[in-house]
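These notes concern the structure reproduced below.
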2 protein chains.
Amino acid sequence: MNDTTRATARELISKTRARITPARVDILAALLGAQRPLSHLDIQELLAPGLDRVTVYRVLDWLTAENLAHKLSGDDRVWRFSAAKAPHHHAHFHCQQCGRFYCLEDVKTDLPVALPKSFIADSVEITVKGICADCKSA
Amino acid sequence: MNDTTRATARELISKTRARITPARVDILAALLGAQRPLSHLDIQELLAPGLDRVTVYRVLDWLTAENLAHKLSGDDRVWRFSAAKAPHHHAHFHCQQCGRFYCLEDVKTDLPVALPKSFIADSVEITVKGICADCKSA
DNA sequence: CAGAGCAATGCAATAAGGTTGCGTGACAAT
DNA sequence: ATTGTCACGCAACCTTATTGCATTGCTCTG
């Protein structure tokens, strides 16, 4: 979480015309700097303690509402968030052992899907489940 | 939940060499007869009351372990289960309004995915999110 | 520059969904 | 019939996330 990242975060937040608070900058910077989607717990551990659980949840929700972050659901009942740098059209990998998520930038989710009549698609989520390299070698 | 479905359920369970109990038969039959993945709550409502919450959870876990059912995660923190009639290689639709899941039999999940080195894929889950026909017309 | 107004935070309590421990009852094999 | 194991029910508990409410602190107007 270097200064450049924090500056980028601050700039992105300023575009929303909402308040630029330390919590928002810290959390968005954490997401921007991460190589993978982070859970609420990941973020709490990454950031200095002293930031309330609820605040983290609220900031994450706010970021999602402002389209600065994307919320995705794993099969462990935990939300993961990733910074919405570009339109978020790629798949994810979920390691069943360590629980970490990885972005599969190469696998696009904008594939054409044949839906039943009158169904409206909003977004497509693709999750590959398996074992990641770290866990395999361990 | 007709008798044929129950007979099929009983037969599938007998193949596991485990005990054929009413709870197992009822729940598997419910899954077999359903057009869509069912949540734990769906099942409880479908079945006559008197069956314990925990028993339902345990039977569902057991069915999953025996590969008679598949567990899938929505973004509402609720497990959904579907009978594993055939290998379960199709996508699902999740209505963001009513929360129901639908099977998209036509959309296959056995697409080739390019994984990073040393990653091992186990299964692929594709979920389309949007509004279903029922909710749209309402 | 003071003060009003509102957005953001922290703390505590609560909700929802799922899981664990343990005693009891039922079935199967001997 | 006896014994061992498997399944069930009940109660308690855990985790993750959300809500209510009081307080803080920024911002903007006058």
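Letters A, B, ... mirror the listed sequences (proteins, then strands); counts begin at 1. Everything numeric here is computed off the predicted structure, so don't read it as measured data.
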E11(B), CD: over 12 other non-hydrogen atoms inside 6.0 angstrom
no
For A18(B) and for R77(B), locate the closest nucleotide of DNA chain D by heavy-atom distance; then report the residue assigned to the nucleotide nearer the 5' terminus.
A18(B)
In this structure, is the centre-to-centre distance between the rings of Y102(B) and H92(B) below 6.0 Å?
no
Between dA7(C) (P) and D61(A) (CG): distance, integer Å
17 Å
For the pair made of CD in Q44(B) and P in dC8(D), what is the distance, rounded to whole Å?
14 Å
Provide, to the nearest angstrom, the distance between the CH2 atom belonging to W79(B) and the C1' atom belonging to dT16(D).
12 Å
Pairwise 5' ranking along DNA chain C for W62(A) and R58(B), keeping only the more 5' one:
W62(A)
So, does Y57(B) get its side chain near the phosphate of dG18(C), meaning an N or O under 4.0 Å from OP1 or OP2?
yes
Just say parallel, tilted or perpendicular for the rings of H94(A) and F101(A), cut-offs at 30° and 60°.
parallel
Looking across every strand, which nucleic acid part, if any, lies under 4.0 Å from R53(A) by heavy atom: base, sugar-phosphate, or nothing?
base
Atom pair distance, as rounded to whole Å: CD1 in I43(A) and C1' in dA17(D)
14 Å
CG of L51(B) versus C1' of dC10(D): gap in Å, rounded?
13 Å
Contact class for V54(B) (heavy atom, under 4.0 Å): base, sugar-phosphate, or nothing?
base
When the distance from CG of L60(B) to P of dT19(C) is rounded to whole Å, what number comes out?
10 Å
Rounded to whole angstroms, how far apart are CZ on R19(B) and C1' on dA28(C)?
7 Å
Check the distance between dA7(D)'s P and L28(B)'s CG and give it to me in whole angstrom.
15 Å
Could you tell me whether L41(B) contacts a base, only the sugar-phosphate backbone, or nothing, with contacts defined as non-hydrogen atoms closer than 4.0 Å?
nothing
Taking the six-membered ring for Trp, are H40(A) and Y57(A) ring centroids under 6.0 Å apart?
yes
So do the side chains of S137(B) and S118(A) get within less than 4.5 Å of each other, counting heavy atoms only?
no
Between T21(B) and dC6(D), is there a contact of a side-chain N or O with OP1 or OP2 at under 4.0 Å?
no
